[in-house]
There are 2 protein chains.
Amino acid sequence: MAANDNTVNIRAPKGGYHHGDLRVALIATGLKKLEESSAESLSLREIAREIGVSATAIYRHFPDRDSLLSALAAEGLAQLAREQKAAGKAGGKEGFTEMGRAYVRFAMNNPALFRLIYSSLPAAADLNCVNPEDSPGWLLRQSIANLAGPKASDAQRKAGVLRAWALVHGLAMLILSGQIAPKDIDQLINEVVSVDSLKLG
Amino acid sequence: MAANDNTVNIRAPKGGYHHGDLRVALIATGLKKLEESSAESLSLREIAREIGVSATAIYRHFPDRDSLLSALAAEGLAQLAREQKAAGKAGGKEGFTEMGRAYVRFAMNNPALFRLIYSSLPAAADLNCVNPEDSPGWLLRQSIANLAGPKASDAQRKAGVLRAWALVHGLAMLILSGQIAPKDIDQLINEVVSVDSLKLG
DNA sequence: CGGCCATGTTAGTGCTGTAAACATTATTTG
DNA sequence: CAAATAATGTTTACAGCACTAACATGGCCG
């Protein structure tokens, strides 16, 4: 059971049991592979080969392929959250816009990982339930909370969050699928993702 | 070459040469499979089995798996365009909003197909180059053209199209990946996709 | 020290996409 | 109309894949 869930293995960080820290190595190598190819084409055997371990060793740490992918997605989500937090540090309008920029930029810099996070894997949907404060939606909500005027209703804020999230997510996805030429991303975001369009009241 | 591209086979509709109209059957069966499972899990052999043809017969019509998927995506895109056109028929604000609704609803009714259309397949990106007037972006542009005031600049219209497309696309994708509970879609779209937020000047 | 459990390996199964060679039918042409 | 040719489909084969079962090995705790 400890090997079946997607939490970061507790005893792993100590390092070194039987033949090295395979779980961590699997995730690290998996993430590396995702930098160069899609999640679909990611092969367990290839990862095992690269680590220098037998093809079936992985099953001591993940019950199946999808579990590894979920772990990779969780890692990616955490990274995205970190970058979003850092970008939004300034707070206010500026911080909010920077968060959106960070979101799109993360997608462009890690297309396969970003796609994996928002794949149709049922586990992917549960990711932000596991760690709600790492959900982009949550971060946006916080950032919007002290951005909206006090007269804004809860419904307005909620709609604002959804609008903002959908906007940056759609922008990211359309860029990744080649529908939008990513000529000048910063300018693009400036044009498209203006705070005013969120109608926060 | 005639069998390698993604155009609809010209002579096929006549029906019946060697052992039936395989190309059409492959696409039809592929689309049917996509109603119940993802594109990743779609198997050529399974399709062939269902049609009652040998596993390799497909290679007389498509050079490889990705080519079939591209053809399916093209079919899906055409269908999406049809539904968008029909929805936007009314014109004006109302037609524009209905187009957005149709976009999201199509995604929800055909999740695997919608994902396939906007997958990372290089061929998918070229789809709307093949048939530009079937591109959702193009349809939105047209709809926005006679919606925006005459004082709106080209840049404003362009940004408006992008905003609208990103908004509905992001909404659709977030719903498909389970990030947004699809409780009441119509209301959701009303809240999120309001024409006013497009800043058409 | 001895047993146990976590971790790893080897061997094997059935699936997959795809290539090569062959077979059959439709179409074109002499 | 018959023979040649092109289009379409089949059989066989291969390598890669995820995954299972049985066995091996090493570290940890009594």
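Naming: A, B, ... by sequence-line order, numbering from 1 per chain.
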Report task. Answer yes or no: is there a donor N or O on one side and an acceptor on the other, between the side chain of B:Glu75 and the main chain of B:Leu72, under 3.5 Å? Result -> no

Requested in this report: For B:Ser41 and B:Ser38, indicate whether the former's side chain and the latter's backbone hold a donor-acceptor pair under 3.5 Å.
Outcome: yes

**Report entry** Shortest side-chain distance from A:Val53, nucleotide among D:dT8, C:dT9, C:dG17
**Finding:** C:dT9

Query raised in the report: Among D:dA18, C:dG8, D:dT8, which nucleotide sits nearest the side chain of B:Arg60?
Result: D:dT8

Output yes when at least one side-chain N/O atom of [X] is less than 4.0 Å from OP1 or OP2 of [N], else no.
X       : N      : result
A:His61 : C:dA6  : no
B:Arg49 : C:dT16 : yes
B:Ser43 : C:dG17 : yes

Query raised in the report: Does the pair A:Lys32 and A:Glu50 meet the rule for a salt bridge (Lys or Arg N to Asp or Glu O under 4.0 Å), with working shown?
Result: CA-CA 11 Å; A:Lys32 199 177 73 182; A:Glu50 184 150 329; 2.7 Å; yes

Query raised in the report: Would you call the rings of B:Tyr118 and B:Trp165 parallel, tilted or perpendicular if under 30° counts as parallel and over 60° as perpendicular?
Result: perpendicular

Protein-nucleotide distance ([X], atom [atom1]; [N], atom [atom2]), rounded to Å:
X       : N      : atom1 : atom2 : result
A:Glu46 : D:dC19 : CD    : C1'   : 18 Å
B:Lys33 : C:dT16 : NZ    : P     : 10 Å
B:Tyr59 : C:dT16 : OH    : P     : 12 Å
B:Asp64 : C:dA19 : CG    : P     : 8 Å
B:Ile51 : D:dG9  : CD1   : P     : 10 Å
B:Leu26 : C:dG17 : CG    : P     : 12 Å
B:Asp66 : C:dT16 : CG    : P     : 17 Å
B:Leu44 : D:dG9  : CG    : P     : 15 Å

Query raised in the report: How far does CZ of A:Arg45 sit from OG of A:Ser54, to the nearest 0.5 angstrom?
Result: 9.5 Å

Report summary line: Distance col, row B:Gln84:CD vs B:Leu77:CG, nearest 0.5 angstrom, shows 9.0 Å

Query raised in the report: How is B:Leu42 classified with respect to the nucleic acid when contacts are heavy atoms under 4.0 Å: base, sugar-phosphate, or nothing?
Result: sugar-phosphate

Requested in this report: Tell me what B:Ile58 touches on the nucleic acid: a base, only sugar-phosphate, or nothing, going by heavy atoms under 4.0 Å.
Outcome: nothing

Query - A:Asp64: partners by side chain to side chain contact (heavy atoms under 4.5 Å, CB included), with sequence neighbours left out - result: A:Asp66, A:Ser67

Pull out every protein N or O sitting under 3.5 Å from an N or O of nucleotides 11-14 of chain D, one pair per line with the distance.
| unit_1 | atom_1 | unit_2 | atom_2 | d |
| --- | --- | --- | --- | --- |
| D:dT11 | O4 | B:Thr56 | OG1 | 2.7 |

Query raised in the report: Does a distance-only test, which skips hydrogens and angles, find a donor-acceptor pair under 3.5 Å between the side chain of B:Arg65 and the base of C:dG17?
Result: no

